[in-house]
Participant: 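I have a structure I would like to understand better, so I am pasting it below and will then ask my questions one at a time.
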Amino acid sequence: MTRSALVTGASRGIGLGVSTRLAEQGYGLTISARDPERLEKVATQLLEAGAPEVRTVAVDLADPSAAVQAVGAHEETFGTMRALVLNAGVGTAGNIAEFPMRRFDKTLAVNLAAPFALLQASLPLLRAAAAAEPDRGAKVIALSSITGVFSEPGLSVYGATKAALISLVETLNAEESGNGISASAIAPAYVDTDMSDWIKETIPANEMLEVNDVVEIVDALLKLSSRAVLSRLVLSRAGTDGYRA
C-alpha cells in the first residue's frame with residue numbers, strides 16, 4: 001500500500017516545502033490550492049521529486065463543499081490516508097475595534113471551519129491507514145501560529161482561529177490517539193514566505209524562520225510511532241523573548 005498524504009495550501013511556501021519532502025520519501029500526494037495552473041506545475045515538480053502519483057484539487061477552502069471535494073479525490077486515488085497536513089490559511093491583520101466582519105467570516109471559514117471539515121471527512125481514511133500500519137499509525141499536522149499561543153496586537157482574529165486549531169488538535173488526540181491517529185499543531189513565529197511579505201519592512205526576511213525549519217519538524221513528527229503524541233510545538237524566532245511573532 002502506497003503511503004499517501006493530503007496537503008492543503010500546497011502550491012507555495014510551507015505547503016510546497018512539506019509536499020516536496022513527502023514526494024522525496026515516496027508518498028502519493030493529493031495537493032490543494034486555489035490556482036489550478038500553479039497546482040499542475042507543482043504536481044509535475046513533485047512527480048520529478050519522487051512521488052508515485054499526485055492528485056490536484058483546485059478549491060477555495062472558504063467554500064463549504066471544498067473539504068468533501070478534496071478528501072473525495074484523495075479517497076478515489078489512494079483509498080487510505082497516512083497523513084493529513086492542514087497548512088492552508090489566510091492572514092488578516094487589524095485591531096478588534098475596526099476589524100470588518102466580512103473579513104472575520106472569511107478568516108474563520110478558511111482557518112478553522114475548513115480544517116474541521118477536512119479532518120472530519122478524512123477520519124475514515126486515517127483510521128484505515130492506522131489499522132494497516134498499527135506501529136506507525138496515521139498523523140494529522142496542523143499549521144497553527146505562535147499568535148494562537150501568545151497574543152499579538154493587531155492579530156486578534158488570526159490568533160483566535162489558530163488557538164482554536166490547537167484546541168481542535170488536542171481534542172482529536174483525546175478522541176482518536178487510542179485508534180492510532182495522533183495530531184500535532186505547529187505554532188511558528190513569522191516564516192519567510194509571501195504570506196509574511198506585509199511585515200518584512202519591520203521584520204526582515206533574514207530574521208524570520210526558514211520554510212525548511214517547519215518542514216524538518218513535520219518530517220520528524222510523521223516519523224513518530226503510534227505510541228507518541230506531541231500535541232503542540234511552539235517555534236519562536238532567534239533574538240526575541242519567545243513570546244511574540
Participant: Would Leu222 end up clustered with Leu172 when hydrophobic side chains under 4.5 Å apart are linked, directly or stepwise?
Facilitator: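 No.
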Participant: If you look at every heavy atom in Asn173 and Ser231, which pair is closest and at what distance?
Facilitator: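 Reported closest heavy-atom pair: ND2-OG, 2.9 Å.
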Participant: Which other residues end up in the same hydrophobic cluster as Leu155, if Ile, Leu, Val, Met, Phe, Trp and Tyr are linked when side-chain heavy atoms come under 4.5 Å apart?
Facilitator: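 For the cluster that includes Leu155, the remaining residues are Tyr190, Trp198, Ile199, Ile203, Met208.
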Participant: So do the side chains of Val7 and Thr30 get within less than 4.5 Å of each other, counting heavy atoms only?
Facilitator: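 The answer is no; the side chains never approach within 4.5 Å.
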Participant: Are Asp192 and Lys200 close enough for a salt bridge, meaning some N to O gap below 4.0 Å?
Facilitator: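 Between Lys200 and Asp192 there is a salt bridge, with a charged N closer than 4.0 Å to a carboxylate O.
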Participant: How many angstroms lie between CG in Leu168 and OG1 in Thr161, if you round to the nearest 0.5 Å?
Facilitator: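 These two atoms lie 12.0 Å from each other.
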Participant: Is there a side-chain contact between Val85 and Leu6, using heavy atoms and a 4.5 Å cut-off?
Facilitator: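 Sidechains of Leu6 and Val85: no contact.
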Participant: Sorted by first residue and then second, give each ring pair (Phe, Tyr, Trp, His ring centres under 6.0 Å) pair with at least one member in residues 128-186; sequence neighbours left out.
Facilitator: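 For residues 128-186, and leaving out neighbouring residues, the ring pair (Phe, Tyr, Trp, His ring centres under 6.0 Å) pairs sorted by first residue read Phe150-Tyr243.
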Participant: Ignoring hydrogens and angles, tell me if any N or O in the side chain of Thr8 forms a donor-acceptor pair with the backbone of Asn87 under 3.5 Å.
Facilitator: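 Looks like yes, one N/O pair under 3.5 Å.
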Participant: Hey, could you give me the OG/CD1 distance between Ser145 and Ile166, rounded to the nearest 0.5 Å?
Facilitator: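 So the gap between those two atoms works out to 8.0 Å.
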Participant: Rounded to the nearest 0.5 Å, how far apart are OG of Ser144 and CG of Asn111?
Facilitator: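 Between Ser144 OG and Asn111 CG, I get 9.5 Å after rounding to 0.5 Å.
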Participant: According to ring pair (Phe, Tyr, Trp, His ring centres under 6.0 Å), does anything in residues 28-67 pair up with another residue at least two apart or in another chain? List the pairs.
Facilitator: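 Sorted result for residues 28-67: empty, none.
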Participant: Within a 6.0 Å radius of atom NZ on Lys106, are there more than 12 heavy atoms belonging to other residues, nucleotides or ligands?
Facilitator: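 Counting other residues, nucleotides and ligands, NZ of Lys106 stays at 12 neighbours or fewer.
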Participant: Applying side chain to side chain donor-acceptor pair (under 3.5 Å), can you list everything that pairs with Asp241, at least two apart in sequence or on another chain?
Facilitator: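 Only Arg244 meet the side chain to side chain donor-acceptor pair (under 3.5 Å) criterion with Asp241.
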Participant: Any ring pair (Phe, Tyr, Trp, His ring centres under 6.0 Å) pairs touching residues 210-240, not counting sequence neighbours?
Facilitator: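 Qualifying pairs, neighbours excluded: none.
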Participant: Any side-chain heavy-atom pair from Leu233 and Ile217 closer than 4.5 angstrom?
Facilitator: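 Result yes, sub-4.5 Å side-chain heavy-atom pair found.
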Participant: Taking Asp105 first and then Arg102, would you say they form a salt bridge - that is, a charged N and a carboxylate O separated by under 4.0 Å?
Facilitator: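 Looking at Asp105 and Arg102, the cut-off is not met.
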Participant: Does the Arg3 side chain pair with the main chain of Ala83, one donor and one acceptor, at a distance under 3.5 Å?
Facilitator: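 No; zero donor-acceptor contacts below 3.5 Å.
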Participant: Classify the side-chain pair Thr107/Thr92 by whether it contains a donor and acceptor separated by less than 3.5 Å.
Facilitator: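 Yes - a donor-acceptor pair under 3.5 Å links their side chains.
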Participant: Please give me the minimum heavy-atom distance between Ala88 and Leu61, naming the atom from each residue.
Facilitator: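 Scanning both residues completely, I find the closest heavy atoms to be CB-CD1, 3.5 Å.
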Participant: Quick one: do Val42 and Val211 end up in the same hydrophobic cluster if we chain Ile, Leu, Val, Met, Phe, Trp and Tyr together by side-chain heavy atoms under 4.5 Å apart?
Facilitator: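 Yes, one cluster joins them.
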Participant: Is there a continuous path of hydrophobic side-chain contacts, each under 4.5 Å between heavy atoms, that joins Ile181 to Val169?
Facilitator: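 Unlinked, Ile181 and Val169 end up in two clusters.
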Participant: Please lay out, stage by stage, how Arg55 and Thr77 fare under the test side-chain hydrogen bond (donor to acceptor under 3.5 Å, both in side chains).
Facilitator: CA-CA 7 Å; Arg55 181 74 182 264; Thr77 305; 2.7 Å; yes
Participant: Which residues satisfy the side chain to side chain donor-acceptor pair (under 3.5 Å) test with Ser151, sequence neighbours excluded?
Facilitator: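 Listed in chain order: nothing, the list is empty.
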Participant: Looking at Arg21 and Glu216, would you say the former's side chain and the latter's main chain have a donor-acceptor pair under 3.5 Å?
Facilitator: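 Checked: no pair found.
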Participant: Could you state the interatomic distance from CG (Leu46) to CG (Leu39), rounded to the nearest 0.5 Å?
Facilitator: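 The distance works out to 9.5 Å.
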Participant: Would you indicate whether the side-chain heavy atoms of Val140 and Leu86 approach each other to under 4.5 Å?
Facilitator: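 With C-beta onward as the side chain, the pair touches.
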Participant: Quick one: side chain to side chain donor-acceptor pair (under 3.5 Å) partners of Asp60, sequence neighbours excluded?
Facilitator: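 So Asp60 forms no side chain to side chain donor-acceptor pair (under 3.5 Å) with any residue.
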Participant: Ignoring hydrogens, what is the shortest heavy-atom contact between Ile31 and Ala43? Give both atom names and the distance.
Facilitator: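 For Ile31 and Ala43, the tightest heavy-atom pair comes out as CD1-N, 4.1 Å.
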Participant: Crowded around Glu210 CD? As in, over 12 foreign heavy atoms under 6.0 Å?
Facilitator: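 Counting other residues, nucleotides and ligands, CD of Glu210 stays at 12 neighbours or fewer.
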Participant: Taking salt bridge (Lys or Arg N to Asp or Glu O under 4.0 Å) as the cut-off, I'd like each qualifying pair that reaches into residues 144-162, sequence neighbours left out, listed once.
Facilitator: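 Salt bridge (Lys or Arg N to Asp or Glu O under 4.0 Å) check on residues 144-162 returns no pairs.
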Participant: State the CD1-CG distance between Ile146 and Leu209, to the nearest 0.5 angstrom.
Facilitator: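 The distance works out to 8.5 Å.
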Participant: Please answer whether the main-chain N or O of Val191 pairs with a side-chain N or O of Ser196 as donor and acceptor at a distance below 3.5 Å.
Facilitator: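 Checking the backbone N and O of Val191 against the side chain of Ser196, a donor-acceptor pair under 3.5 Å is found.
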Participant: Hey, does Arg12 have a side-chain heavy atom less than 4.5 Å from the side chain of Met195?
Facilitator: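 When only atoms from C-beta onward are counted, Arg12 and Met195 do not touch, as no gap falls below 4.5 Å.
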Participant: With sequence neighbours excluded, what pairs up with Ser226 under the side chain to side chain donor-acceptor pair (under 3.5 Å) test?
Facilitator: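 Residues passing side chain to side chain donor-acceptor pair (under 3.5 Å) with Ser226: none at all.
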Participant: Between Gln69 and Asp63, does any side-chain donor sit less than 3.5 Å from a side-chain acceptor?
Facilitator: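 The answer is no; no qualifying pair exists.
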Participant: I'd like to know if Leu165 and Ile186 are part of one continuous hydrophobic network [Ile/Leu/Val/Met/Phe/Trp/Tyr, side-chain heavy atoms within less than 4.5 Å].
Facilitator: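 Ile186 does not cluster with Leu165.
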Participant: Suppose the criterion is ring pair (Phe, Tyr, Trp, His ring centres under 6.0 Å): which pairs have a residue in residues 26-76, not counting sequence neighbours?
Facilitator: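 Checked against ring pair (Phe, Tyr, Trp, His ring centres under 6.0 Å) - neighbours excluded - the pairs reaching residues 26-76 are His74-Phe78.
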Participant: Could you tell me which non-hydrogen atom of Ala138 sits nearest to which non-hydrogen atom of Ala130, and how far apart they are?
Facilitator: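 Looking at all heavy atoms of both residues, the closest pair is N-CB, 3.9 Å.
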Participant: So which atom in Gly17 and which in Val215 form the shortest heavy-atom distance, rounded to 0.1 Å?
Facilitator: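 Nearest pair, atom of Gly17 first, then Val215: C-CG2, 3.6 Å.
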Participant: Please answer: with hydrophobic residues joined when any side-chain heavy atoms are less than 4.5 Å apart, are Val57 and Val54 in the same cluster?
Facilitator: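 Hydrophobic grouping puts Val57 apart from Val54.
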Participant: Ignoring hydrogens, what is the shortest heavy-atom contact between Leu126 and Leu119? Give both atom names and the distance.
Facilitator: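 In this case the closest contact between Leu126 and Leu119 is CD1-CD1, 4.4 Å.
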Participant: Report yes if some heavy atom in the side chain of Asp135 is under 4.5 Å from a heavy atom in the side chain of Ser225; otherwise report no.
Facilitator: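 Contact flag for Asp135/Ser225 side chains = no.
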Participant: If you link I, L, V, M, F, W and Y whenever their side-chain heavy atoms are under 4.5 Å apart, who else ends up in the same group as Phe99?
Facilitator: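 Result for Phe99 is Met101, Phe104, Leu108, Leu112, Val157.
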Participant: Could you name each residue pair satisfying side chain to side chain donor-acceptor pair (under 3.5 Å) that touches residues 37-54, not counting sequence neighbours?
Facilitator: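 Side chain to side chain donor-acceptor pair (under 3.5 Å) check on residues 37-54 returns Glu40-Thr56.
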Participant: Just by distance, do the side chain of Lys139 and the backbone of Val218 share a donor-acceptor pair under 3.5 Å?
Facilitator: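 Not confirmed, Lys139 side chain does not pair with Val218 backbone.
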Participant: What distance separates Met81 CE from Ser4 OG, expressed to the nearest 0.5 Å?
Facilitator: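 Rounded to the nearest 0.5 Å, the CE-OG separation comes out at 6.5 Å.
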Participant: Looking at side-chain heavy atoms only, is the closest gap between Thr80 and Glu75 below 4.5 Å?
Facilitator: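 Not in contact.
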Participant: Would the number of heavy atoms belonging to other residues, nucleotides or ligands and lying under 6.0 Å from CZ of Arg34 be above 12?
Facilitator: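 No, the 6.0 Å shell around CZ holds no more than 12 heavy atoms from other groups.
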Participant: Is there a donor-acceptor pair under 3.5 Å between the side chain of Arg136 and the backbone N or O of Lys223?
Facilitator: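 Confirmed, Arg136 side chain pairs with Lys223 backbone.
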Participant: Measuring only between side-chain heavy atoms, which start at C-beta, is Leu235 closer than 4.5 Å to Asp213?
Facilitator: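 Yes, side chains in contact.
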Participant: Using the side-chain contact (heavy atoms from CB on, under 4.5 Å) rule, take Leu143 and Val18 through it: C-alpha gap first, then chi angles, then the decisive distance, then the call.
Facilitator: CA-CA 11 Å; Leu143 266 296; Val18 169; 5.8 Å; no
